[in-house]
Amino acid sequence: MILSPQAREKIVAAAKQYPQVKSAILPALHVANEEHGYVSDQMYREIADLLDLKCVDVAAAASFYTYFPKAPRGRYYIQVCRNISCALLGARHLSTYLQEKLGLKELGETTPDNLFTVVEVECLGSCTTAPMMQINDDYYENLTKEKVDQIIADLKSRAPGR
Amino acid sequence: MQTKILTEFVTDPQQHRIETAVSRGAYQAWEKVVREIAPDDLIELVKKSGIRGRGGAGFPAGVKWGFVPRQSPKPKYLCCNADESEPGTCKDRVLLENDPHRVIEGMAICSFAIESHQAFVYIRGEFVLAARRMQAAIDEAYQRGYLGKNIFGSGYDLDMVVHRGGGAYICGEETALLNSLEGDRGVTRIRPPFPAVEGLYGCPTVVNNVETLSALPSIVNRGADWWAQLGTEKSTGTKLFSLSGHVKRPGNYEVEMGYSLKNLIYEKGGGILDDKKLKVVIPGGSSTPMLTPDKIDTPLDFESVVTAGSMLGSGAVIVIHEETCIVWVTELLAHFYAHESCGKCTPCREGTQWMYEILRRIEHGRGTMEDIDTLLDLADNIEGNTICPLGDAAAVPVISSIKQFRDEYIYHIEHKKCLVKSDFRLR
């Protein structure tokens, strides 16, 4: 079992909120993702077994969305909004700045210490506070070079083992 | 004049807590509805207020509710659409995070009107704080008896569930939202049947936007006539506008419908960033046609923006100044639609990707004159030939930008570079 007993409990509880159990697939994927930072094939199977659904139903739903990666990423998953309102205020520069700062050759890469992964994503709904990025659950808005430097320094100092 | 109704308390960091919200009158409208108003009268009240959907389409909310078959033996559902992801739009997030009890109260009022006992709020996956705040607020509302069994001793029961999406723009389209909520891939459904008749789990369902529902407590408290006298005759009430892009003071501004675009940009927004010249405005989110500066006096209401050649959409006003390449803007938007097409309809699935590739080619100096016609041909073949409006939305920026800035496309192709280079740096 990859999913912890607590995660399994949460999934079963979520299923009770819906008239049809299939609706619990997205909540279950969120539970798995929160616990592990990704959702693997094995986790699809465990979710399907728990909910008494076919594994293909879970895989079909999961693969439709961008939110559930199949493999682990860096501890801090940095999503830079690339869409119009952010682009007009330097989003492209923000992602290249982060790349250079973290020594990443390409977007999507993870730093060798597994701390940071940087990607560009579509609109995150924070257009009036552009440019912005999301790191794990949190939004970082109205970004400037100075702010980005501070955020990265803080995250590095917070990382375990340092 | 700024009329703050929905956003009256959103700047108070304590407003999301039930003590604060209740001390300011939250759930009074809900109690009045449950104790004093019959569902049919409530629907009439909302029809009379004239409020139209704030998600983009502008359909009258009360009329939508009226389509729910009253005699149906099936359960009825309400889905609050909080999958806010139209580029430029970030108004619902403000309400979800900062005044969740207003959203819940609005959802409860709508549920009562359509005689539903189960409501869902579908929140886009990335809005983690919004989902947490809504869940905490729903828990508080249950504890105080505003939700759950036998509300206010009336015998009326209502359950409310937060459902988080997984990061897909298409799930903001109501039938895709329903598929996603049912645990399927978030692809769209052919209408009819409309959700009001056959929606979630095949049952009558109303899907309303966060902002629409959030207006209901005020409409119940202060009356349909009060709401109807705000705004214009056909676009009543106030509206939240997300002002973004090249302005000095971007932000969410709640103003009466009919407020002028010029005042929004120059008074609320403080004018164009670095005092540059305005090049173009996208008035209602990325899916709406661009407006050139000669349309700056357009009043922001559903009818006037159509007359000006665009649409009010979600009220996301994106301001773009003179040092911006229009091909670059269109390429950005084309990338978005190609990425977000659910893949169900061939014209959209293939066409959006094709349009993006051509725009990329032109932007990078490899375009040919035939490309302009190919783009228009593609857009024409997508428009009206897809199940949902995503295809039309994808065609809009392409058609609109070529129509208004064909010279810039031609310059781009002839000189293999931008007429004006968009090189926006972090500050």
Side-chain angles (χ1 to χ4, degrees), chain A residues 14 17-30 33-34 51 53 57-58 60-68 79 81-94 96-97 121-131 134 136-139 142-148, chain B residues 75 84-90 92-93 118 124-129 159 161 163-169 171 180-187 200-201 203 242-246 250-252 273 282 286 316 318-321 324 328-329 332-333 335-336 339-340 342 422-427:
Chain A
Q17 296 185 290
Y18 298 93
Q20 293 183 12
V21 70
K22 211 175 161 191
S23 287
I25 291 178
L26 262 177
L29 291 167
H30 277 295
N33 195 40
E34 268 157 34
L51 299 175
L53 294 167
D57 290 333
V58 179
S63 60
F64 185 79
Y65 304 98
T66 53
Y67 209 79
F68 311 107
Q79 305 185 73
C81 175
R82 73 185 300 282
N83 213 292
I84 182 76
S85 304
C86 284
L88 291 170
L89 293 168
R92 187 63 244 190
H93 182 214
L94 169 59
T96 52
Y97 184 66
V121 297
E122 293 300 345
C123 185
L124 288 169
S126 189
C127 318
T128 57
T129 50
Q134 180 169 16
N136 298 348
D137 289 350
D138 301 319
Y139 276 30
N142 295 310
L143 294 174
T144 58
K145 263 177 138 172
E146 202 181 328
K147 269 192 183 178
V148 172
Chain B
E84 181 168 66
S85 17
E86 168 87 0
T89 318
C90 53
D92 295 338
R93 183 176 149 232
Q118 176 77 62
R124 68 173 293 182
E126 294 84 355
F127 282 0
V128 181
L129 179 62
D159 285 312
V161 170
H163 190 89
R164 293 179 61 205
Y169 168 71
C171 292
S180 177
L181 187 41
E182 288 183 13
D184 288 324
R185 293 168 74 82
V187 295
L200 191 64
Y201 311 119
C203 300
S242 303
L243 180 66
S244 74
H246 293 147
N252 281 294
L273 199 62
I282 305 177
S286 62
I318 305 163
V319 178
I320 297 172
H321 72 38
T324 314
W328 174 77
V329 166
L332 264 173
L333 299 178
H335 180 276
F336 172 75
H339 184 262
E340 300 297 338
C342 80
S422 316
D423 186 22
F424 303 121
R425 318 288 291 175
L426 278 182
R427 302 208 166 206

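Chain letters run A, B, ... following the sequence lines, proteins first, then strands; residues in each count from 1.
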Task: A:Tyr67 vs B:Glu126, side chain to side chain contact (heavy atoms under 4.5 Å, CB included): CA-CA, chis, key distance, verdict - done: CA-CA 8 Å; A:Tyr67 209 79; B:Glu126 294 84 355; 4.0 Å; yes
- [ ] Look up atom CZ in B:Phe424 and atom SG in A:Cys86, then write down how far apart they are to the nearest 0.5 Å.
- [x]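 So the gap between those two atoms works out to 13.0 Å.
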Open item on the list: So, taking the atom named CG in B:Asp184 and the one named CG in A:Asp57, what distance separates them when rounded to the nearest 0.5 Å?
Closed with: 7.5 Å
At a heavy-atom distance under 4.5 Å, which candidate from [options] has the highest pair count against chain B?
{"options": "A:Thr128, A:Asn83, A:Val148", "result": "A:Thr128"}
{"options": "A:Ala24, A:Ala28, A:Ser85", "result": "A:Ser85"}
{"options": "A:Ile25, A:Leu94, A:Asp138", "result": "A:Leu94"}
{"options": "A:Pro131, A:Ala87, A:Cys127", "result": "A:Cys127"}

Please tell me if the side chains of [X] and [Y] come closer than 4.5 Å, counting only heavy atoms from C-beta onward.
{"X": "B:Val187", "Y": "A:Phe64", "answer": "yes"}
{"X": "B:His163", "Y": "A:Tyr18", "answer": "yes"}
{"X": "B:Arg425", "Y": "A:Lys145", "answer": "no"}
{"X": "B:Val329", "Y": "A:Ile84", "answer": "yes"}
{"X": "B:Leu273", "Y": "A:Leu89", "answer": "yes"}
{"X": "B:Ser180", "Y": "A:Leu26", "answer": "yes"}
{"X": "B:Val128", "Y": "A:Tyr139", "answer": "no"}
{"X": "A:Arg92", "Y": "B:Ser422", "answer": "no"}

Is [X] close to chain A through its backbone or its side chain, or both, or neither, when contacts mean heavy atoms under 4.5 Å?
{"X": "B:Ile318", "answer": "side chain"}
{"X": "B:Leu333", "answer": "side chain"}
{"X": "B:Cys171", "answer": "side chain"}
{"X": "B:Arg164", "answer": "both"}

Tell me the closest heavy-atom pair linking [X] and [Y], and the distance in Å.
{"X": "B:Gly183", "Y": "A:Ala61", "answer": "O-CB, 3.6 Å"}
{"X": "A:Leu88", "Y": "B:Gly245", "answer": "CD1-CA, 3.9 Å"}
{"X": "B:Cys90", "Y": "A:Gly125", "answer": "CB-O, 3.1 Å"}
{"X": "A:Cys123", "Y": "B:Ser85", "answer": "CB-O, 4.3 Å"}

Task: Evaluation steps, side chain to side chain contact (heavy atoms under 4.5 Å, CB included), between B:Arg185 and A:Ser63 - done: CA-CA 8 Å; B:Arg185 293 168 74 82; A:Ser63 60; 3.0 Å; yes
Under a 4.5 Å cutoff for heavy-atom pairs, which residue among [options] has the most contacts with chain A?
{"options": "B:His246, B:Glu84, B:Glu340", "value": "B:His246"}
{"options": "B:His321, B:Arg427, B:His335, B:Glu86", "value": "B:His335"}
{"options": "B:Pro75, B:Gly125, B:Cys342", "value": "B:Gly125"}
{"options": "B:Gly251, B:Pro250, B:Ser244, B:Gly166", "value": "B:Gly166"}

So, [X] side chain and [Y] main chain: donor-acceptor pair closer than 3.5 Å or not?
{"X": "A:Thr66", "Y": "B:Gly167", "answer": "yes"}
{"X": "B:His339", "Y": "A:Glu122", "answer": "no"}
{"X": "A:Ser23", "Y": "B:Leu181", "answer": "yes"}

- [ ] Before giving the answer on side chain to side chain contact (heavy atoms under 4.5 Å, CB included), spell out for A:Thr144 and B:Leu426 the whole-Å C-alpha distance, their side-chain angles and the decisive distance to 0.1 Å.
- [x] CA-CA 6 Å; A:Thr144 58; B:Leu426 278 182; over 6 Å; no
Task: Portion of A:Ala130 that has a non-hydrogen atom of chain B nearer than 4.5 angstrom - done: neither
Task: Region of A:Gln17 in contact with chain B, defined by heavy-atom distances below 4.5 Å - done: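 Contact with chain B involves both backbone and side-chain atoms of A:Gln17.
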- [ ] Might you work through the side chain to side chain contact (heavy atoms under 4.5 Å, CB included) test for A:Lys22 and B:Glu182, ending with a clear yes or no?
- [x] CA-CA 6 Å; A:Lys22 211 175 161 191; B:Glu182 288 183 13; over 6 Å; no
